Amino acid sequence: MGTGLLFTEDGSAEVVAASFAGTPDARLKRVMTALVEHLHAFVKEVELTEAEWAVAIDFLTRTGQKCDAARQEFILLSDVLGVSMLVETINHRSGGTATESTVLGPFHVVESPPRALGDDVALDGKGTPCLVEGRVTGPGGEPIAGATVDIWQANEDGFYDVQQPGVQPPLNLRGLFTTDAGGRYWFRSVVPRYYPIPDDGPVGELLAATARHPYRPAHLHFIVSAPGYRPVTTHVFVAGSPYLESDAVFGVKESLIREVPEVDDPARAASVGLPNPFRVLTFDVVLRT
Ligand code: BEZ
Ligand code: FE
């Protein structure tokens, strides 16, 4: 009688992969087989000790225990390992012309409030006033009227409204805008600031143990969508911000970085309701069909 399916160190991956032979779903079979092959290769490469295995189990257990309705520590773990960005990038290849995507992040947790073009989303009165504007077009440059532009950002202290209930006004620095007939959107906000991802849990311990900082460079989040086009989840990053080259979640793409120049134009300042001079962040968005 052959013993080919008994567990051995050399044949471990094959033995476990064979246990999935009867998986009815072909995709699940492929994913589980590859997962086991890579996991076993990793354990063999580092010769994982029993103590290290126990640390890993404890870490993953605490990662799960840290999760609740407002906190998703497993996604944060995926983020700091670059897996979120890899999945995002594989699934949203821009084809070179459309606006590139980046991570959604955990703070798009509420329905953004519908707002009128030109509204001020900075409800807490903190930060450097800034006009945010741009055009939404299709791949051929055609303006997309009626596109939905959903935005959110952290405040001057480096927190999203949902991280500081009772401190920030609800729905601070969030808004759902609709482009005009020329595909244009504009609103008043403040110049985005860099901030740390939540680092008071197991993911923060991992960052500290590996001498990594928890910061993300200054950015403003967008989800732009329109009927007949593929939606894009992205950010615009502020040129010159600290941490552009060391984003804790690897979200920066060169094509998404913009200058935020100061503009001295009293007439325009008056027309948009900002003190002169003011800062302008221009971010045009190209959607794919
Ligand atoms: C964010 O940009 O809001 C974010 C993204 C990933 C992890 C934490 C925060
Ligand atoms: Fe963010």
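Counting convention: from 1, in listed order, for ligands and their atoms alike. Because the structure is a prediction, the values reported are computed rather than measured.
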### Query
Where does the angle between the aromatic ring planes of Y160 and H219 fall among parallel (under 30°), tilted (30 to 60°) and perpendicular (over 60°)?
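Taking H219 first and then Y160, their aromatic rings sit tilted (interplane angle of 30° to 60°).
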### Task
Mind reading off the angle at the Fe ion (ligand 2) between the NE2 atom of H219 and the OH atom of Y160, rounded to 10°?
110°
If you count the atoms of ligand 1 from 1 in the order shown, which ones are under 4.0 Å from a heavy atom of [X]?
{"X": "L76", "value": "7 (C), 8 (C)"}
{"X": "I197", "value": "7 (C), 8 (C), 9 (C)"}
{"X": "G105", "value": "4 (C), 5 (C), 6 (C)"}

### Query
Among R184, R188, R279, R268, which residue meets the salt bridge (Lys or Arg N to Asp or Glu O under 4.0 Å) test with E133?
R268
Does ligand 1 have any atom that is closer than 4.0 Å to a heavy atom of [X]?
{"X": "Y160", "result": "yes"}
{"X": "F250", "result": "no"}
{"X": "H219", "result": "yes"}

### Task
Among I144, T137, V224, V232, find the one that has a side chain to side chain contact (heavy atoms under 4.5 Å, CB included) with V286.
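For V286, the side chain to side chain contact (heavy atoms under 4.5 Å, CB included) check succeeds only for T137.
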Closest protein heavy atom (residue, atom, distance) for [atom]:
{"atom": "atom 4 (C) of ligand 1", "answer": "P106 CD, 3.5 Å"}
{"atom": "atom 3 (O) of ligand 1", "answer": "Y195 OH, 2.8 Å"}
{"atom": "atom 2 (O) of ligand 1", "answer": "R216 NH1, 2.5 Å"}
{"atom": "atom 6 (C) of ligand 1", "answer": "D79 OD2, 3.3 Å"}

Would one find more than 12 heavy atoms of other residues, nucleotides or ligands at under 6.0 Å from atom [atom1] of [X]?
{"X": "R212", "atom1": "CZ", "result": "yes"}
{"X": "E142", "atom1": "CD", "result": "yes"}
{"X": "H38", "atom1": "NE2", "result": "no"}

### Query
Just wondering, is there an N, O or S atom on Q153 that's nearer than 2.8 Å to the Fe ion (ligand 2)?
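Here the distance criterion (N, O or S atom, under 2.8 Å) is not met by Q153, so no.
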#### Entry: Identity of the N, O or S atom of H221 lying closest to the Fe ion (ligand 2)
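Closest to the Fe ion (ligand 2) among those atoms: NE2.
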### Message
Using modelled atom types and a 3.5 Å cut-off, is there a donor and acceptor pairing between side-chain atoms of D119 and backbone atoms of A116?
### Response
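Flag set: sc D119 to bb A116 pair under 3.5 Å.
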### Task
Apply the test side-chain contact (heavy atoms from CB on, under 4.5 Å) to residues N155 and Y195: give CA-CA distance (whole Å), side-chain angles for both, the deciding distance (0.1 Å), then the verdict.
CA-CA 9 Å; N155 80 346; Y195 66 84; over 6 Å; no
### Task
May I ask you to check if ligand 1 and H221 share an N or O to N or O distance below 3.5 Å?
yes
### Check ion pair R71-D200 (N to O, under 4.0 angstrom)
yes
